[in-house]
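Structure first, then comments.
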Amino acid sequence: MLQVTDIRDRKEEMIAALAKRGIDAKQVLEAILEADETRRSTQAKLDETLAQSNTFSKEIGILYKKGETQKANILKEKTSQLKEASKELSEHLNTASEELQKLLYTVPNVPNALVPSGTDENDNEETFSEGEVPELHGEALPHWELAKKYDIIDFELGVKITGAGFPVYKGKGARLQRALISYFLDKNTAAGYTEYQVPHLVNEASGFGTGQLPDKEGQMYHVTEDDLYLIPTAEVPVTNMFRGDLLTENELPITCTGYTPCFRREAGSYGAHVRGLNRLHQFDKVEIVRIEHPEKSYKALDGMVAHIQELLRELKLPYRILRLCGGDLGFTAAITYDFEVFSTAQDRWLEISSVSNFETFQANRLKLRFKDSDGKNKLVHTLNGSALALPRVLAGILENYQTPQGIKIPEVLVPYCGFDIID
RNA sequence: GGAGAAAUGGCAGAGUGGUCGAAUGCGGCAGUCUUGAAAACUGUUGAGGGUUACACCUCCGGGGGUUCGAAUCCCUCUUUCUCCGCCA
């Protein structure tokens, strides 16, 4: 959620930046300013009325003590009238605040200066690529066929017990996945992130805090009986641990990592590209989250990018980094870098990480602040990234490491797996 | 799931209708003393909104109500604790 004070100060600048998303925000921002104006003037009137009635009430108390009931009764009458006025004003205030809130919820985050304008994924900017695409002997198989051949992932079994998009990992497949989780968590904690295990269901307030609600409601599984949501990413519970906090400057940065399964309804996203592990309703992910001083958040973002690069380098997977264009940028992000691994067998790039700086957009919803050196309360910047999303890394490994003898295990994972080939 | 108790400032803990935003203690901060530190003593110390700065408004778990006036009374929700039941 954008800050109204920001809109007041730099409306034109924001409109120009939002245009990179293909949005003309002029009208909405002006409507916000207007709604805010109404809200504030109503608040002022209400305060005034309450102040008057407070002083009267105090006087009444004093008059009663003196025994001057008649005078007190006159004041009582006056105060009753004020009370009615204040009731009306506070209703106005509520509607004005709701109106403002509703408008604010519709505006996505303002893209950072680095974000290219563009409408879809074709306009994303490749900023880096590294790693060798392996020479595959004979016919290279896609991972869903490899999974079957070596009996390590059973998609049909998942369909039987739950439905499409809920695979069952088996034997060395399950072990490889567990190895990856451990490896990622070890690397993240070694880089200074504190490991957390968090709930996999969250309440409504948490969904709002990180911006999944109300916009993407349809993407989360909703347990209506208890009004809880299955998390679509660890970002939600991890970031919300700090919801409403007022931190001291020296508590920053806060850095967390956590492994969780992620649940996504993916309503309406069926098609050619969703085979195998490419798109699932339930998948595992190790996430990193940072809560940063606003002046340091972009440096932190670079650090996260470098950290994820190291993971991919160690796994020896060919990858590239994209800077998302305005049109492809998520609602809450100011800037996002996507990491993609190339799969030779599928001849396509698979997204395995997405790293974003949300600046104050989430913090404003979360009311997550810190006290700066001047003693003023300021919103922090929040950032997060996948390190990494498991299924597509798994797919990348299966496809890129396949040999006639079997699937080799990346060297760094061998100690975690306890074997060096799947055959 | 059933029965009971509770929720107050960073923490502990008073306050049961009227100058209560809230006693007191601890902690924090500043000062005196000291070569320095500790101890002792003195002062200060909740948050949000608003204002150039004041004024002023709001906040005693959340929401609603009674009243001229609520931390205090009523309703409701949530959470915590104790006991019972069930259970990985």
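The sequence lines fix the lettering, A, B, ..., with proteins before strands; numbering per chain opens at 1. Computed from a predicted structure; not experimentally measured.
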>> If I take atom NZ in residue A:K371 and atom C1' in nucleotide B:U45, what distance separates them, rounded to the nearest angstrom?
In response: 12 Å
> Relative to the ring of A:F331, is the ring of A:F361 parallel (under 30°), tilted (30 to 60°) or perpendicular (over 60°)?
Replying inline: perpendicular
>> Work out how far the P atom of B:A23 is from that of B:G43, and round it to whole angstrom.
In response: 15 Å
> Over how many whole Å does the gap from A:L247 atom CG to B:A47 atom P extend?
Replying inline: 15 Å
>> Distance check needed: B:G49 C1' versus A:L93 CG, whole Å only.
In response: 11 Å
> Quick one: do A:K102 and A:E98 make a salt bridge, cutoff under 4.0 Å?
Replying inline: no
>> Distance check, P atoms only: B:G49 and B:A53, in whole angstrom units.
In response: 13 Å
> What does nucleotides 56-70 of chain B look like as a protein-contact string, B for base, S for sugar-phosphate only, - for none, at under 4.0 angstrom between heavy atoms?
Replying inline: SSS--------BBS-
> Distance between the P atoms of B:G18 and B:A70, in whole angstroms?
Replying inline: 11 Å
>> Testing the 3.5 Å rule here: is there a donor-acceptor pair between the side chains of A:Y319 and A:Q309?
In response: yes
>> Tell me every residue that passes side-chain contact (heavy atoms from CB on, under 4.5 Å) with A:W144, counting only those two or more places apart in sequence or in another chain.
In response: A:P142, A:F155, A:R275, A:N278, A:Q346
>> From CG of A:D245 over to C1' of B:G10, roughly how many Å is that when rounded to an integer?
In response: 13 Å
>> Suppose you measure atom C1' in B:G25 against the same atom in B:U78; what distance do you get, rounded to whole Å?
In response: 31 Å
>> Given a 3.5 Å cut-off on both pairing distances, which stems involving RNA chain B, each at least three consecutive Watson-Crick or G-U pairs, are present, if any?
In response: B:1-7 with B:78-84, B:10-12 with B:24-26, B:27-32 with B:40-45, B:46-49 with B:56-59, B:61-65 with B:73-77
> Considering only the P atoms, how many Å lie between B:U79 and B:U66, rounded to the nearest integer?
Replying inline: 28 Å
> Any sub-3.5 Å donor-acceptor pair from A:D328's side-chain atoms to A:D120's backbone N or O?
Replying inline: no
> Expressed as a whole number of Å, how far does the P atom of B:A12 sit from that of B:G63?
Replying inline: 22 Å
> Any sub-3.5 Å donor-acceptor pair from A:K187's side-chain atoms to A:L311's backbone N or O?
Replying inline: no
>> On RNA chain B, compare the nucleotides closest to A:L246 and A:I62; which residue's is nearer the 5' end?
In response: A:I62
> P atom, B:A88 versus B:A14: distance in rounded Å?
Replying inline: 41 Å
>> Just verifying a value: how many Å separate A:D245 CG and A:I291 CD1, rounded to the nearest 0.5 Å?
In response: 8.0 Å
> With sugar-phosphate meaning primed atoms plus P, OP1 and OP2, does A:R39 contact a base, only sugar-phosphate, or nothing at under 4.0 Å between heavy atoms?
Replying inline: nothing
>> Work out how far the C1' atom of B:G27 is from that of B:G13, and round it to whole angstrom.
In response: 14 Å
> When A:H293 is tested against each of A:E249, A:K299, A:K378 for side chain to side chain donor-acceptor pair (under 3.5 Å), which residue passes?
Replying inline: A:E249
> Is there a donor-acceptor contact under 3.5 Å linking the side chains of A:T210 and A:E235?
Replying inline: no
